2 protein chains.
Amino acid sequence: MTEEAYLRDYDPKAFDSPLLSVDAVLFTYREGQLKVLLVERSNHPEMGKWGLPGGFVDLEADGTLEDTVIRKLQEKTGVVPPYVEQLSTIGNRSRDKRGWSVTVCYTALIAHQECETHIDTVSDAKWVNLKDLEKLDLAFDHKSIIAAGRERLKQKALYSIVPAYTLPEKFTLSDLQHVHEVLLGKPLQKKSFRRRIEQADLIVDTGEKSAEKGRPAILYRLKPEASRHTFIRNLEL
Amino acid sequence: MTEEAYLRDYDPKAFDSPLLSVDAVLFTYREGQLKVLLVERSNHPEMGKWGLPGGFVDLEADGTLEDTVIRKLQEKTGVVPPYVEQLSTIGNRSRDKRGWSVTVCYTALIAHQECETHIDTVSDAKWVNLKDLEKLDLAFDHKSIIAAGRERLKQKALYSIVPAYTLPEKFTLSDLQHVHEVLLGKPLQKKSFRRRIEQADLIVDTGEKSAEKGRPAILYRLKPEASRHTFIRNLEL
DNA sequence: TTGGATAGTGTCTTTAGGTCACTTTGTTGA
DNA sequence: TCAACAAAGTGACCTAAAGACACTATCCAA
């Protein structure tokens, strides 16, 4: 048989295959707290429970898996988060009552200011403090996915400034240090932190200053190469 | 409608969904070269081309995605590799002529001695030097998946001794250093390398010595906690 | 027993990061 | 107007990890 004949007769539903979905752990930082976006499930199974934003691939609309996540996140937040990175894929027979199920998970970061108003209009989405998650009973294995996302972000805090994407476009080094401290769960030395960031050479002085009490701080912005525009990490080499 | 009713009537084939497969980049080290296991495709599409070992989830036999990879690897090598780790998931409309396709990719490591004989009996599998890959035309996007796996392994060489899983159970520090040098593409300082490994405290002296020319070297083995038995990394926290 | 080959170590230098006190620069209210 | 306060930013010293490289150790073979 030729490949043409094979492809002509190919029936995608001839074989049983797992259910495939996509989920996103969207983090933000506000008032000293790390928060995750949760969505109330409006369909079975686990209807009524809160869980991660996500869903199924739209074979027509989506060209890649990243298109799917971004589409789903935009539905809930109104915007495309500036940072999206694949986290892990989980697939087994027990995580979904419907049967064998696979979910491709992503972590995403955004400044809460970017989507505050839109989330308020969407009644089925809300920010939840990571600290308050323990009490909640989330859908599927979403709680452990969030834990994995948080762990990944913690690692990033050790050797990168990726957590900066949880902040507004212009931010101070003190802000950034606070985010890192929350992620790492311990205070950092101001000097060391600043030295590391200066060496990395990933941010640039905007010339503006913050207006809090005390000495005003320089407002920085991420350099264009680490640009604030849908930085998608999946197989870039 | 109750959840019970929903689940009773649930039809997994009611919606179109992407094709889901699993692929593995199995590395080994031999005679100063990094090698990857390739398999000749016996079915359409891309029949006759060489590609990564992998396949579809068996909803009956496999409990998790990792079961699927391991089953596929065992079919080709005869054994379960001591190190298997999820790499990345790639899903888009263009990678497979059959349509929307998602593949969950893994990297795995094994000593070539463990499977030499079995691979010789399986005529459709062979080790290929990483260096020789450029010339080859592999199936699907497998060449870029291998590149990603190699890049991941290179990162591991910087701060771990995971590459030790490409070596036999008992190995010398010189062997391990050679593997790391090939991965990093540059010579390493013997003293620094050994200091780093000693500090990590992940290997233990077997009491045996190697018998090459020159001064015999101490044979080490990975400590049980970094045990040589199907160390699967996916979402361990 | 000596020379070749490779394993393994001693030691100085370099660099990244920790610590902490000090200076700077703004606001606020007597 | 100017001290007191608060937070930003820096100087300087110390420690730990890694780089560089020469040196010693231990085997085999001729």
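Just so it is clear: chains get the letters A, B, ... in the order the sequence lines come, proteins before strands, and each one is counted from 1. Every heavy atom of this structure was used, including side-chain atoms; hydrogens, water molecules and symmetry mates were not. From a predicted model like this one, the values you see are computed outputs, not experimental measurements.
Between A/Asp23 and A/Lys72, none of the side-chain N atoms (NZ, or NE/NH1/NH2) sits under 4.0 Å from a carboxylate O, so this pair counts as no salt bridge. Using a cutoff of 4.0 Å between basic side-chain nitrogens and carboxylate oxygens, B/Glu75 and B/Arg71 are scored as salt-bridged.
Protein atom CG of A/Leu188 is 13 Å distant from nucleotide atom C1' of C/dT19, rounded to whole Å. One can place CD of A/Glu198 at 15 Å from C1' of C/dT15, the figure rounded to the nearest angstrom. Rounded to whole Å, the distance from CD on B/Gln177 to C1' on C/dG8 is 11 Å. Across the protein-nucleic acid pair, B/Leu176 atom CG and C/dG8 atom C1' stand 15 Å apart, rounded to whole Å. With rounding to whole Å, A/Phe193 atom CZ is found 18 Å from C/dA16 atom P. Rounded to an integer number of Å, the gap from A/Leu158 CG to C/dG18 P is 10 Å. Look at NZ on A/Lys213: it is 14 Å from C1' on D/dA4, rounded to the nearest Å. Atom C1' of nucleotide D/dC27 and atom CD of B/Glu208 are separated by 17 Å, given to the nearest angstrom.
Where A/Ile218 and A/Arg195 each meet DNA chain D at their nearest nucleotide, the meeting point lying more 5' is that of A/Ile218. Comparing A/Ala217 and B/Lys209 by the nucleotide of DNA chain D that holds the closest heavy atom to each, the one mapping nearer the 5' end is A/Ala217. Ranked by how close their nearest DNA chain C nucleotide is to the 5' end, A/Lys191 and B/Arg194 are led by B/Arg194.
As judged by a 4.0 angstrom heavy-atom cut-off over every strand, B/Lys190 is placed among the base-contacting residues. Contact annotation for A/Ser192: base contact, defined as any heavy-atom pair under 4.0 Å involving a base atom. Here A/Glu212 lies out of heavy-atom contact (under 4.0 Å) with every strand. Residue A/Ser174 is classed as a sugar-phosphate contact, given heavy-atom separations below 4.0 Å to backbone atoms only.
Look at A/Gln199 and you won't find any side-chain N or O under 4.0 angstrom from OP1 or OP2 of C/dT15. Note on A/Gln189: every side-chain N or O is 4.0 Å or more away from OP1 and OP2 of C/dC20.
In terms of heavy atoms, A/Ala111 sits closest to A/Thr28 at C-OG1, 3.6 Å.
Residue side chain A/Arg215 does not reach the base of D/dA6 through any donor-acceptor N/O pair under 3.5 Å, judged by distance alone. One cannot find a donor-acceptor pair under 3.5 Å joining the base of D/dG19 and the side-chain atoms of B/Arg196.
For the pair B/Cys105/B/Ile90, a side-chain contact is recorded, criterion being any heavy-atom separation below 4.5 Å from C-beta on.
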Check: Given A/Lys209 and A/Ile218, is the side-chain contact (heavy atoms from CB on, under 4.5 Å) satisfied, shown in steps?
Finding: CA-CA 5 Å; A/Lys209 304 261 180 176; A/Ile218 297 175; 3.9 Å; yes
